[in-house]
Colleague: 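I have a structure here, written as structure tokens, and I will follow up with some questions on it.
Each chain gets a letter, A, B and so on, in the order the sequences are listed, and its residues count up from 1. All values below were derived from every heavy atom in this structure, side-chain atoms included, with hydrogens, water molecules and symmetry-related copies excluded.
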Amino acid sequence: MQTEWRDSIALPRLLRESRIVPRSFYAQGTAAAARSLLGKFLVHGRAAGRIVETEAYLGRGDPAAHAYRGSTERTRVIFGPPGHAYVYFIYGMYECLNLVTEPDGVAGCVLIRAVEPVAGIELMRARRPGARSVEELASGPGKLTCAFDITRRHYGADVTRGELTVRALRHEAPFKILETPRIGIAVAADLPLRFVIAGSRFASR
DNA sequence: GGTAGGATGGGCT
DNA sequence: GCCCATCCTACCC
């Protein structure tokens, strides 16, 4: 498990033992990408964490998806090429990070819902002074963007290069995946499109 | 352990 | 004007 090499030595080791997830990964289909993103690492500056919870938003045909009503100024990146960040502002306070997961012209993205902090934990604590434990630092979509300082300035950012990236360990330890309905939505609430690393203490619930 | 209610502002009808 | 892909606090077991 990654917890044994948390913090001080973690970032150099993570960068050494992993590689950036290529753009082709994001074009495998949104539900498949949501599953496959579990266990990958979100890296932004000195902050890094293991993705433990995701949700798939399928696009046209998925009434719960922002892209359901078509391309607007806010949602246009979801219709663009895969491997880019869709960051939106919600409830007047929070930012949420998604990764675009369909070919150019097709809508689909994955919401990153929770991350297990691995590096930059003191930085995360400073950004989230209310968090009472490492488990609470990034255990929700609004919490993790705060802990990682991800905002709408990252709207459209290419996560296969640059300061915000997703990386995969060359040797990934196996884990079980839990499938549940998505959280916080009223429509299409029956679809099992939320994916969680089973037993993770860092998930939102 | 649990949950009800409020904060807060942008997007869209 | 209403609706949120949320989180935190207060309060209650």
Colleague: When you match A/Lys143 and A/Ala186 each to their closest nucleotide on DNA chain C, which lands nearer the 5' end?
Modeller: A/Ala186
Colleague: Measure the CD-OG1 distance between A/Glu102 and A/Thr30 for me, rounded to the nearest 0.5 Å.
Modeller: 3.5 Å
Colleague: Under a 4.0 Å threshold between the charged nitrogen and the carboxylate oxygen, would A/Arg128 count as salt-bridged to A/Glu136?
Modeller: no
Colleague: Rounded off to whole Å, could you give me the CD-to-C1' distance for the A/Glu55 and C/dT6 pair?
Modeller: 12 Å
Colleague: Once you apply the 3.5 Å cut-off to both distances, tell me the Watson-Crick or G-U wobble partner of C/dA5, or none.
Modeller: none
Colleague: Scan A/Arg74 against the nucleic acid and name what it touches under 4.0 Å (heavy atoms): base, sugar-phosphate only, or nothing.
Modeller: sugar-phosphate
Colleague: Using whole Å, report how far CZ of A/Arg76 lies from P of B/dG11.
Modeller: 12 Å
Colleague: Looking at C/dC8, I'd like to know if its phosphate oxygens (OP1 or OP2) sit under 4.0 Å from a side-chain N or O belonging to A/Arg128.
Modeller: yes
Colleague: Please report the shortest heavy-atom distance between A/Leu137 and A/Ala131, naming the atom on each side.
Modeller: CD2-CB, 3.8 Å
Colleague: Please report, rounded to the nearest Å, how far the P atom of C/dT6 is from the CD atom of A/Glu53.
Modeller: 10 Å
Colleague: In whole angstroms, how far is the P atom of B/dG9 from the CZ atom of A/Arg152?
Modeller: 11 Å
Colleague: What is the distance, to the nearest angstrom, from the CG atom on A/Leu144 to the C1' atom on C/dC7?
Modeller: 13 Å
Colleague: Strictly below 4.0 Å: does A/Thr72 bring a side-chain N or O up to OP1 or OP2 of B/dG11?
Modeller: no
Colleague: May I ask you to list the residues of residues 83-113 of chain A, by number, that have any heavy atom positioned under 4.0 Å from an atom of DNA chain B?
Modeller: A/Phe89, A/Tyr91, A/Gly92, A/Met93
Colleague: Which whole-number value in Å describes the distance from A/Ile183 CD1 to C/dT6 P?
Modeller: 8 Å
Colleague: Side chains of A/Phe148 and A/Val115, heavy atoms from C-beta outward: is any pair under 4.5 Å?
Modeller: yes
Colleague: Answer yes when A/Arg201 and A/Glu135 have at least one side-chain N-carboxylate O distance shorter than 4.0 Å, and no when they do not.
Modeller: yes
Colleague: Does A/His66 put a side-chain nitrogen or oxygen below 4.0 Å from OP1 or OP2 of C/dA5?
Modeller: yes
Colleague: If you check the A/Arg69 side chain, which of B/dG10, B/dT13, C/dC7 turns out closest?
Modeller: B/dT13
Colleague: Between A/Glu55 and A/Arg182, does the salt bridge (charged side-chain N to carboxylate O under 4.0 Å, His left out) criterion hold? Intermediate values first, please.
Modeller: CA-CA 6 Å; A/Glu55 280 176 1; A/Arg182 294 172 290 186; 5.6 Å; no
Colleague: Can you measure A/Tyr68 atom OH to C/dA5 atom P for me and round it to whole angstrom units?
Modeller: 14 Å
Colleague: Does A/Gln28 have any side chain to side chain donor-acceptor pair (under 3.5 Å) partners at least two apart in sequence or in another chain, and if so, which?
Modeller: A/Ser36
